[in-house]
Protein chains: 2
Amino acid sequence: MKLKDDRKVELIYQAALKLVARKGLAGITMGDISREAGIATGTLYVYFTGKDELINALFACSRANSVQVAFRGYDASQPFKPGFRTVWMNILRYKLQHFEEVVFLEQCFHSPYITAETREKARELATPFYDLIERGQQEQLIKQADTSLLLTFIMGALNELVKQTHYSNETLSKRKIDLTFELCWDALKA
Amino acid sequence: MKLKDDRKVELIYQAALKLVARKGLAGITMGDISREAGIATGTLYVYFTGKDELINALFACSRANSVQVAFRGYDASQPFKPGFRTVWMNILRYKLQHFEEVVFLEQCFHSPYITAETREKARELATPFYDLIERGQQEQLIKQADTSLLLTFIMGALNELVKQTHYSNETLSKRKIDLTFELCWDALKA
DNA sequence: CGTATAAATGAATAATTATTCGCTTACCTT
DNA sequence: AAGGTAAGCGAATAATTATTCATTTATACG
């Protein structure tokens, strides 16, 4: 018998991400996705039970990806600031390189597709970020404010920056990146 | 003869905003809007030529509203920091009170509904904000960085904060508001 | 008041889109 | 190499949703 092709799932995901970044979640059809992926519409239903499941799976996957990369190269034994910078940089780089995921996640958040369960799992993935900020607070380097507030502030700023960068299609220079880190750090530092 | 009823347009807008905040732009139908507004579906077509026009009009209106309020009480002759705080506070307050518009504008940005023209008009509305930041830079109070970068940073942070506040349905205490302003100011200040 | 005019209605229609299904093709197993 | 099983296909169908339209209702104006 013929087996399912994992690369095909990836193909479908890429097609969906591309279309959502271009047209928004509101303007995306199963036909569009299959055409963009270069497969038949019916094939989508071999891999997913329907549109809802496709979007939920892609949401979970995108979300997991973006978190997974964040702590690459982070070493808890090194001082806080450079460690924080490593994570911060990982996040920024990932978001810049995966702009489509940024848009997709944003659009999904208020959508009829994402189930409460999918949403809950996405939330849980954020705990390492909380831990990181709390470490900085324990070391008196970061403001003693609600952790969630600080995190929200930074992530919102980063996200918007990534979007803005994309629209103006410049590449963020090293100078600008350093500057932006400075903005973040100055905002957070005690 | 019977005249068009301006309050009805407002009713339609409110219904659409409410639904988009709840279900996203992807999950909203003309039937839903009319039901939520308490009018017949056909009546929507008395006021708008179709769904596209409705969404574009609401986008333009929402965007204009949020900008219009920002400079209320701002006096260019007073020192920069309190003036900036006034504007900042206006924006925050407006966004908190009009959460639905925040979500709607965000969802629209990547959607097939909004035309290039509508988008361009929205962009033009932002110039007073650029002017404000530039004033701060001239007075050496604000970092000498790309104005658009600074603005993007702040607006992204604020937006995310408003969303986060809404989801956790707490009311932002004065303490937290002051704290958040401090984050913004520390980020921007030279 | 009465009438003309346009708003308002909501069921009917048109258009779009998700999903199914009978068939073909590929490829794993033995 | 042959058979069997599931992937892959895309036209057909089902479901949903935008839009129209014949009719009713409200109201501005004479």
Any idea which of C:dA8, C:dT19, D:dT19 is nearest the B:K51 side chain? D:dT19
Which nucleotide wins on minimum distance to the side chain of A:K8, given the candidates D:dT17, D:dG8, C:dA8? D:dG8
Do the two ring centres, one from [X] and one from [Y], sit under 6.0 Å apart?
| X | Y | result |
| --- | --- | --- |
| B:H110 | A:Y167 | yes |
| B:F129 | B:F71 | yes |
| B:F109 | B:F104 | no |

Dump the intermediate steps for side-chain hydrogen bond (donor to acceptor under 3.5 Å, both in side chains) on B:D32 and B:T29, then the final yes or no. CA-CA 5 Å; B:D32 287 343; B:T29 71; 3.3 Å; yes
Does [X] reach a base, just sugar-phosphate, or nothing at all? Heavy atoms under 4.0 Å.
| X | value |
| --- | --- |
| A:F48 | nothing |
| A:T41 | base |
| B:I28 | sugar-phosphate |
| B:L3 | sugar-phosphate |
| A:L44 | nothing |

Calculate the interatomic distance between [X] atom [atom1] and [N] atom [atom2]; express it in whole Å.
| X | N | atom1 | atom2 | result |
| --- | --- | --- | --- | --- |
| A:M30 | D:dA12 | CE | C1' | 17 Å |
| B:I33 | D:dT16 | CD1 | P | 18 Å |
| A:Y45 | C:dG22 | OH | C1' | 17 Å |
| A:I12 | D:dA7 | CD1 | P | 12 Å |
| A:K4 | C:dC28 | NZ | P | 16 Å |
| A:D5 | D:dA7 | CG | P | 11 Å |
| B:Y113 | D:dT17 | OH | C1' | 10 Å |
| A:K2 | D:dA7 | NZ | P | 9 Å |

Above 12 or not: heavy atoms from other molecules or residues under 6.0 Å from CD of A:Q78? yes
Quick check on D:dA7: is either OP1 or OP2 less than 4.0 Å from any side-chain nitrogen or oxygen of A:T43? no
Under-4.0 Å side-chain N/O to phosphate OP1/OP2 contact, A:Y47 with D:dA7: no
